[in-house]
Amino acid sequence: MSKPSLPQGTRDFSAQVVRKRSYIFQTIRQVFELYGFQPLETPAMENLDTLMGKYGEEGDKLIFKILNNGLDRPEKHEKARAEFEKVLAGRNVKEITERALRYDLTIPFARYVAMNHGQLTFPFKRYQMQPVWRADRPQKGRYREFYQCDADVVGSNSLLNELELVHIYAGAFSKLKIPVEIRINNRKILAALAELCGGADKLTDITIAIDKLDKIGIDKVREELGQRGLQEGQIDQISRYLGIEGSNQHKMDQLQALLGNNALGQAGLAELAYLIGEAGTLPAGTQLVADFTLARGLNYYTGTIFEIKAMGVQMGSIGGGGRYDDLTGLFGVPNIPGVGISFGVDRIYDVMEELNLFPEEVQTGTRLLFFNLGAAEGSASFRSMQVLRSRGIACELYHEPAKFDKQFKYAEKKGIPYVAMMGAQELATGKCVVKQLSTGTQETLDLSAFEAGWQPA
RNA sequence: GAGAUUGUAGCUCAGUUGGUUAGAGCGUCAGAUUGUGGCUCUGAAGGCCGGGGGUUCGAAUCCCCUCAUUCUCCCCA
C-alpha cells in the first residue's frame with residue numbers, strides 16, 4: 001500500500017484557507033448581486049460534443065475526458081477495440097468517451113443560453129463560480145483543478161454593459177482592498193492596426209505577439225512578428241503603436257493620429273473614449289487605464305477587452321474579459337452577442353496573502369470552549385453550551401474530563417479566544433468563570449446572567 | 001509535448017572520500033504540574049533513505065531505469 005496522495009495539480013483546502021477563499025467569493029458575489037446578476041450552476045461534466053472544437057487544437061488536448069462505463073461487457077468488446085484504434089490515431093470517439101469535465105464556464109454558459117433562449121429574458125445577466133479542470137502541466141499559480149468566477153451579459157450590444165462591468169471590477173477589488181489597474185482596449189483598434197499594416201488576416205498573429213509584450217519585451221515581439229511573416233515597415237508601425245504612452249487622453253490623441261480615418265479604428269476608439277469618459281469617479285485604489293498593448297489571447301473577442309493588474313505585487317493578471325459576438329452561434333442559436341468578465345480567484349488569493357489583506361474576522365471559528373471538569377460538571381456545561389449555541393454563539397465542550405493544562409492548550413491551538421470553567425465550586429454556587437486567553441483576565445458570572453447575556457468581544 | 005530540479009521521521013532539513021546501530025529542529029504523546037495555558041526541563045514514540053535493478057566485501061551516498069515533486073518553455077487563469 002503506497003502512501004495516499006493527490007492527483008497532480010489538485011489541492012486540499014484546510015479550514016483557514018477555505019475561510020479566506022469564501023471571503024473572496026462572498027465579496028465578489030455581493031457585488032454581482034448588487035448589479036442584478038443571477039447565479040447559475042452547471043454540471044461538472046458536459047457532453048464531449050459540447051466542448052470539443054471550442055478552445056482550439058491545444059485546448060481540445062487539455063480537456064479531461066471521462067471513460068464510458070460498461071466497456072467490460074462482452075458484447076461491446078469488439079466495438080470498443082475498433083474504436084480504441086481510432087483514439088490511438090488521435091480521434092475522440094463516442095464509443096469510448098462521450099463525456100468530459102468542464103474546461104471553462106463560458107462554453108457551458110453558451111450551451112445553457114442556447115438550450116433555454118426561449119425562456120430567458122434578455123439581456124440575460126448571469127454569474128457563475130465553479131471549479132474547472134484542465135489537463136495542463138501544473139506550475140506556479142497553475143492547477144489542473146481551479147475556480148473560475150465569471151459574470152456575463154448576453155443579448156445586448158449596449159456599451160452600458162461594459163460600463164457596469166468596469167464598476168463591478170472596481171467595486172469588488174475596492175472591497176477586497178486590492179489596488180488595481182483596470183486596463184481596457186478594443187479589438188476593433190487592434191483590427192484597424194492589422195488593416196493598416198497590410199493584412200487583416202494577420203490579426204491573430206499580431207494579437208498573439210502583442211500579448212507577450214509584458215513577458216518578453218519589445219525586441220522579442222518584433223522578432224516574433226517577423227517570424228509570423230510581417231514586413232519591417234509594418235513592424236515599425238506596430239512598434240510605434242505599442243510605444244504610445246501618457247495619460248488616457250494623451251494616448252487616445254496619439255492613437256487618433258496613428259489610425260487616421262480608418263473606420264474600424266475610429267469605432268473602437270469611440271467606444272474606448274465613451275467608457276473612459278462615462279466611468280466617472282472610481283473607488284479609491286482602483287483606476288481605469290487605456291492600454292493599447294493589451295491584446296488577450298482568446299480570439300473570440302470582438303470589441304472591448306479588459307484585464308486586471310494588481311499593483312504592488314509581481315503577479316500576472318488577476319482577471320480579464322471582453323465582448324464577443326454570437327457566442328451561441330456554435331450551438332445553432334445565432335445573433336446573441338455578449339460581454340463578460342472573469343475573476344482569477346486563486347491568484348487573487350495569492351495577492352491578498354502577499355499584501356496581508358485578509359481581515360482578522362475571516363478566521364473566526366469557535367468563540368468559547370467549555371472546560372470538562374468531570375461527569376456532573378460536564379453535563380452542566382453541556383446544558384449551558386446549548387443555551388449559548390441557541391443564541392448563535394459558536395462553542396465547544398472539551399470532549400472528555402482532562403487536566404486544565406490540556407484543555408487550555410486545546411483552546412490555544414484552535415484559536416478559541418474564551419474558555420468557560422464550571423467546576424464543583426461553581427456548580428455549588430450557581431456561577432461560571434469565563435476567561436479571555438489573550439489577556440489572561442477572567443471574571444466570575446452568575447450562571448443565569450452568563451447564559452442569557454454573555455457575548456464574545 | 002520539450003528542458004531543468006528535488007525525493008531521508010508528521011513538517012523543515014543535515015548526513016563527510018562509499019564504512020558499524022541514519023541525525024537535528026519543530027510538531028505529537030507522556031511526566032515534572034489533581035482548579036488556571038503560553039515559558040522551561042526530562043523522557044518516549046515515530047524511518048523499506050520514493051520504488052526497482054546494478055557496481056562493491058560494504059550503498060542514503062556511485063551508475064541505469066522508473067515513479068513522484070517543483071519550476072521554465074508551449075498554452076493559459
Side-chain angles (χ1 to χ4, degrees), chain A residues 1-11 14 24 55-63 90 102-106 129-150 204 207-209 211-212 214-216 220 224 295-299 306-310 315-322 340-351 369 371-374 377 398 401-428 431-444:
Chain A
M1 187 74 192
S2 57
K3 285 186 184 177
S5 63
L6 282 173
Q8 197 179 33
T10 65
R11 300 157 290 170
S14 59
I24 296 174
Y55 307 106
E57 206 173 318
E58 283 294 313
D60 284 354
K61 285 188 204 159
L62 300 181
I63 295 172
R102 180 169 60 217
Y103 180 87
D104 72 354
L105 300 181
T106 307
M129 309 182 180
Q130 290 190 278
V132 302
W133 294 269
R134 295 185 188 178
D136 208 352
R137 187 75 56 105
Q139 52 181 276
K140 191 176 177 61
R142 287 172 68 172
Y143 305 94
R144 287 186 152 183
E145 178 186 66
F146 63 98
Y147 279 73
Q148 289 194 332
C149 195
D150 285 17
T204 305
T207 52
I208 289 174
D211 201 37
K212 296 179 181 170
D214 259 1
K215 219 174 206 170
I216 63 179
K220 293 270 183 189
E224 177 143 355
R296 294 197 60 76
L298 294 170
N299 53 22
F306 303 102
E307 199 158 283
I308 306 299
K309 173 81 180 82
M315 179 77 66
S317 78
I318 56 174
I341 57 173
S342 177
F343 289 78
V345 173
D346 296 281
R347 283 183 181 174
I348 290 174
Y349 180 95
D350 291 342
V351 169
L369 176 71
F371 274 22
N372 192 331
L373 302 172
E377 294 89 338
Y398 195 78
K403 291 195 293 187
F404 266 64
D405 129 289
K406 254 190 134 161
Q407 306 196 42
F408 268 121
K409 280 181 176 159
Y410 177 82
E412 252 172 58
K413 289 263 170 58
K414 293 194 73 169
I416 302 172
Y418 293 92
V419 299
M421 291 171 273
M422 294 169 66
Q425 292 168 26
E426 288 78 17
L427 274 188
K431 304 280 188 188
C432 175
V433 174
V434 179
K435 178 165 183 167
Q436 183 173 17
L437 270 76
S438 58
T439 59
T441 54
Q442 66 182 50
E443 51 186 343
T444 306

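FYI, side chains are in, hydrogens and waters are out, and symmetry mates aren't considered; it's all heavy atoms of this structure. If you're wondering where the values come from, they're calculated on a predicted model, not measured in any experiment.
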5'-most by nearest nucleotide on RNA chain B - A:L6 or A:R347 = A:L6
inquiry  = In whole Å, I'd like the distance from the CG atom of A:D60 to the P atom of B:G1.
reply    = 16 Å
message = Measuring only the P atom in each nucleotide, how far is B:U21 from B:U28? A whole number of Å is fine.
response = 33 Å
query = When Watson-Crick pairs (N1 to N3 and N6-O4 or O6-N4) and G-U wobble pairs (N1-O2 and O6-N3) count only below 3.5 Å on both distances, what is the dot-bracket string of RNA chain B, with | for other-strand pairs?
reply = ((((.((..((((.....[...)))).(((((.......))))).....(((((..]....))))))).))))....
query = Under the 3.5 angstrom rule, does the side chain of A:Q407 hit a backbone N or O of A:N372 as a donor-acceptor pair?
reply = yes
query = Quick one: is A:K406 getting a side-chain N or O under 4.0 Å of the B:A30 phosphate, OP1 or OP2?
reply = yes
C1'-based separation of B:U69 from B:G50 [nearest Å] = 10 Å
inquiry  = I'd like to know if the side chain of A:R102 and the backbone of A:P131 have a donor-acceptor N/O pair within less than 3.5 Å.
reply    = yes
request  = For B:A9 and B:C76, measure between their C1' atoms and round to the nearest Å.
outcome  = 39 Å
message = Without decimals, in angstroms, what is the distance between A:I348 CD1 and B:A77 C1'?
response = 10 Å
remark   = Correct closest heavy-atom pair for A:D136 and A:R144 would be O-NE, 2.7 Å
Are there any protein N/O atoms within less than 3.5 Å of an N/O atom in nucleotides 33-38 of chain B, and if so, which ones and at what distance?
| residue | atom | partner | partner atom | Å |
| --- | --- | --- | --- | --- |
| B:G35 | O6 | A:A424 | N | 2.9 |
| B:G35 | O6 | A:Q425 | N | 3.2 |
| B:G35 | N1 | A:E426 | OE1 | 2.9 |
| B:G35 | N1 | A:E426 | OE2 | 3.4 |
| B:G35 | N2 | A:E426 | OE2 | 2.8 |
| B:U36 | O2 | A:K435 | NZ | 3.0 |
| B:U36 | O2 | A:Q442 | OE1 | 3.4 |
| B:U36 | N3 | A:Q442 | OE1 | 3.1 |
| B:U36 | O4 | A:Q442 | NE2 | 3.3 |
| B:G37 | O2' | A:E412 | OE2 | 3.2 |
| B:G37 | O6 | A:L437 | O | 3.4 |
| B:G37 | N1 | A:L437 | O | 2.8 |
| B:G37 | N2 | A:E412 | OE2 | 3.4 |
| B:G37 | N3 | A:E412 | OE2 | 2.9 |
| B:G38 | O4' | A:E412 | OE2 | 3.4 |

N/O contacts under 3.5 Å, protein versus nucleotides 70-74 of chain B?
| residue | atom | partner | partner atom | Å |
| --- | --- | --- | --- | --- |
| B:C71 | OP1 | A:K140 | N | 3.4 |
| B:C71 | OP2 | A:K140 | N | 3.3 |
| B:U72 | OP2 | A:Q139 | OE1 | 2.8 |
| B:U72 | OP2 | A:K140 | N | 3.4 |
| B:C74 | N4 | A:Q139 | NE2 | 3.2 |
| B:C74 | N4 | A:R142 | NH1 | 3.2 |

request  = Output yes when a side-chain donor or acceptor of A:D150 lies under 3.5 Å from a complementary backbone atom of A:S342, and no otherwise.
outcome  = no
ask   = Is the side chain of A:R11 donor-acceptor paired with the backbone N or O of A:E145 at a distance under 3.5 Å, no angle test?
value = yes
